[in-house]
Amino acid sequence: MLIFFIVLIILSTISVPLVSDEINNVNDVASSVKAKNMLVNIAGTVNMVYSSDYGSVRTISVDCPIKSRVYYKSISNKHYIYTYVLLSDNSTKEVRVQVPCKVSFNNNPGYLNKRWYYNTEVKWINSSKGYDSVNVYFK
């Protein structure tokens, strides 16, 4: 009986930390996928508005699974919207999705709290600097 309990203690001290690490890894992947799905939803609407006529507007509901900020950047003449996901080891991972044009935010950058959805207006605009872009406004 004593040997059984010793073996049980040894196995639990080895397996519990491994299971805990795996749970953290799964949660990190799930958070990243949820954030990417949110960005894909926004990017799809940006693409639809951009391919329509000037002044087109589309309103969508965006589910925000994590507290985040949505940014825009251009790399090698490609346009991206992106956000950062906080991982379990307190590091951050950038999650980005390509969009067809420059994107601006009324509340730049778009601050989003974790909540069921945001009514989001996506509108094709002509900026004050004279270039076309799509504006995303989280209401």
Transitive ILVMFWY side-chain link Val33 to Tyr82, under 4.5 Å:
no
Heavy-atom pair with the smallest gap, counting every atom of Ala43 and Val97
CB-CG1, 3.6 Å
Check Val46, Asn135, Val49, Val57 against Trp124 for a side chain to side chain contact (heavy atoms under 4.5 Å, CB included) and give me the one that passes.
Val49
Decide whether Leu86 and Val95 are clustered together by the hydrophobic rule: side chain heavy atoms of Ile, Leu, Val, Met, Phe, Trp, Tyr closer than 4.5 Å, transitively.
no
Output the distance between atom CD (Glu94) and atom NZ (Lys73), rounded to the nearest 0.5 Å.
3.5 Å
Tell me whether Thr83 contacts the main-chain N or O of Arg69 through its side chain, where contact means a donor paired with an acceptor under 3.5 Å.
yes
Which hydrophobic side chains are connected to Tyr80, either touching it within the sub-4.5 Å cutoff or through other members that do?
Ile75
Check against side-chain contact (heavy atoms from CB on, under 4.5 Å), Asn119 and Ser61:
CA-CA 5 Å; Asn119 286 328; Ser61 295; 3.5 Å; yes
I need the minimum non-hydrogen distance between Asn41 and Thr45, along with the two atoms involved.
O-OG1, 3.1 Å
To the nearest 0.5 Å, what is the distance between CD1 on Ile66 and CE on Met38?
6.0 Å
To the nearest 0.5 Å, how far apart are CD1 in Ile81 and CD1 in Ile42?
5.0 Å
With a 4.5 Å heavy-atom cut-off, do Lys102 and Ser74 have their side chains touching?
no
So Tyr84 and Tyr71, would you call those rings parallel, tilted or perpendicular, with 30° and 60° as cut-offs?
perpendicular
Could you tell me if the side chain of Val29 sits less than 4.5 Å from the side chain of Asn25, heavy atoms only?
no
Close side-chain approach of Val136 to Ser104, heavy-atom, < 4.5 Å
no
Is there a path of hydrophobic side-chain contacts, each under 4.5 Å between heavy atoms, that joins Leu39 and Phe138?
yes
Take Lys123 and Glu121 through the salt bridge (Lys or Arg N to Asp or Glu O under 4.0 Å) test and state the conclusion after the steps.
CA-CA 6 Å; Lys123 182 178 184 178; Glu121 180 184 80; 5.7 Å; no
Got a donor-acceptor contact below 3.5 angstrom from the Asp28 side chain to the Ser88 backbone?
yes
